[in-house]
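Following: one structure in structure tokens, then a few remarks.
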Amino acid sequence: MTPERSHLPFGDQRDAPFYGHDIVSVRQFTVADLDYTFEVAHEMQAMVARVGAFDLLKGKILANLFYEPSTRTSSSFTAAMERLGGSVIPINEVKYSSVSKGESLPDTVRSLERYADVIVLRHPEVGASALAAQYASKPIINAGDGVGEHPTQALLDLFTIREELGVVDGLTVTMVGDLKYGRTVHSLSRLLSLFDISLNLVSPDILQMPAEILGELEASKTPTTVLGTLGGVIGDTDVLYVTRVQKERFSDEASYEAVKGAFVITPETLSAAKERMIVMHPLPRVTEIAMEVDDDPRAAYFRQMEYGMYVRMALLAMVLGKA
Ligand code: ASP
């Protein structure tokens with residue numbers, strides 16, 4: 001959490017928005033914060049295009065602490081830090097760290113912050129980042145807390161929508177797949193509720209969006225329709241956000257098998273969609289989007305990953321007082 005500091009490391013701006021802040025939930029962000037974050041992300045994008053890497057975070061160290069598998073989140077934070085001139089302590093295999101000896105999360109983060117300036121944390125338990133933030137005096141960035149939230153993914157998702165479609169207000173967003181266990185859609189729907197959008201939530205019955213989030217959508221007066229099929233809404237959709245059925249969250253294999261192929265996006269699905277719309281996915285994809293869709297210009301999921309690096313560069317610079 002924001003530390004009481006008697007002095008600041010050279011060059012840090014105490015009055016910079018987000019200086020020393022944790023990023024635990026998208027609920028921390030106002031529309032003005034989003035505008036600011038995306039403005040910084042644009043600057044990062046331009047700098048990467050111009051010079052590839054620069055020294056904004058030279059001398060800063062990120063601890064990338066991952067208790068669950070990750071490809072994009074961990075490597076994009078690493079790429080982000082390195083493009084900003086900083087360095088990374090990668091802890092991907094907690095089984096090789098002291099966690100396997102029974103160390104608690106508060107002790108692990110209180111140790112790592114003695115070496116690092118910021119900690120990116122992925123953990124299987126909901127609330128793990130909030131807990132870590134209570135104990136750490138350096139910023140904690142939530143990179144996914146079980147079935148809870150994945151705030152930096154939602155920020156990059158929103159940035160993608162703005163970059164690809166130019167606006168957010170007025171759009172119809174359709175989320176499809178595992179809305180129960182998919183933390184990315186939990187964060188994204190919360191973030192989208194700050195805008196004037198319509199939301200379609202398409203899933204098998206047993207994978208519906210949690211009641212808590214449906215309640216929040218209702219409270220924010222976000223027009224929301226819960227559906228079991230995609231056919232009736234694909235034609236009105238501006239953003240089709242597809243998710244993987246989260247196999248690792250099921251307690252029994254049979255329930256997973258029963259729903260794993262419930263929705264598969266194919267070129268035929270998209271033949272009923274608008275010319276100007278995008279298909280997004282946080283990845284990894286298993287079978288829910290056919291590979292033949294990849295060549296469709298509306299398939300934005302790999303572009304989405306690149307936007308993620310710029311957003312994560314922005315967030316690192318912001319919490320470290322350099323933006
Ligand atoms: N990579 C995303 C996450 O960590 C989505 C997924 O795993 O399906 O939540």
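Remember, it's 1-based here, ligands and their atoms both numbered in the order they're listed.
Defined by atom type and a distance below 3.5 Å, a donor-acceptor pair is missing between the side-chain atoms of Ser111 and Thr108. Side chains of Ser203 and Gln208: a donor-acceptor N/O pair is absent below 3.5 angstrom, by distance only.
Annotation: side-chain contact (heavy atoms from CB on, under 4.5 Å) contacts of Glu39 (sequence neighbours excluded): none. Partners of Tyr256 according to the ring-ring contact (aromatic ring centres under 6.0 Å, His included) rule, which considers only residues two or more places apart in sequence or in another chain, are Phe250.
Classified by interplanar angle (parallel below 30°, tilted 30° to 60°, perpendicular above 60°), the ring pair His281/Tyr301 is perpendicular.
Screening residues 40-57 for side chain to side chain donor-acceptor pair (under 3.5 Å), with sequence neighbours left out, gives His42-Glu163.
Listed by chain and number, Arg122, His150, Arg183, Thr184, Arg244, Gln246, Pro282, Leu283, Pro284 each place a non-hydrogen atom less than 4.0 angstrom from ligand 1.
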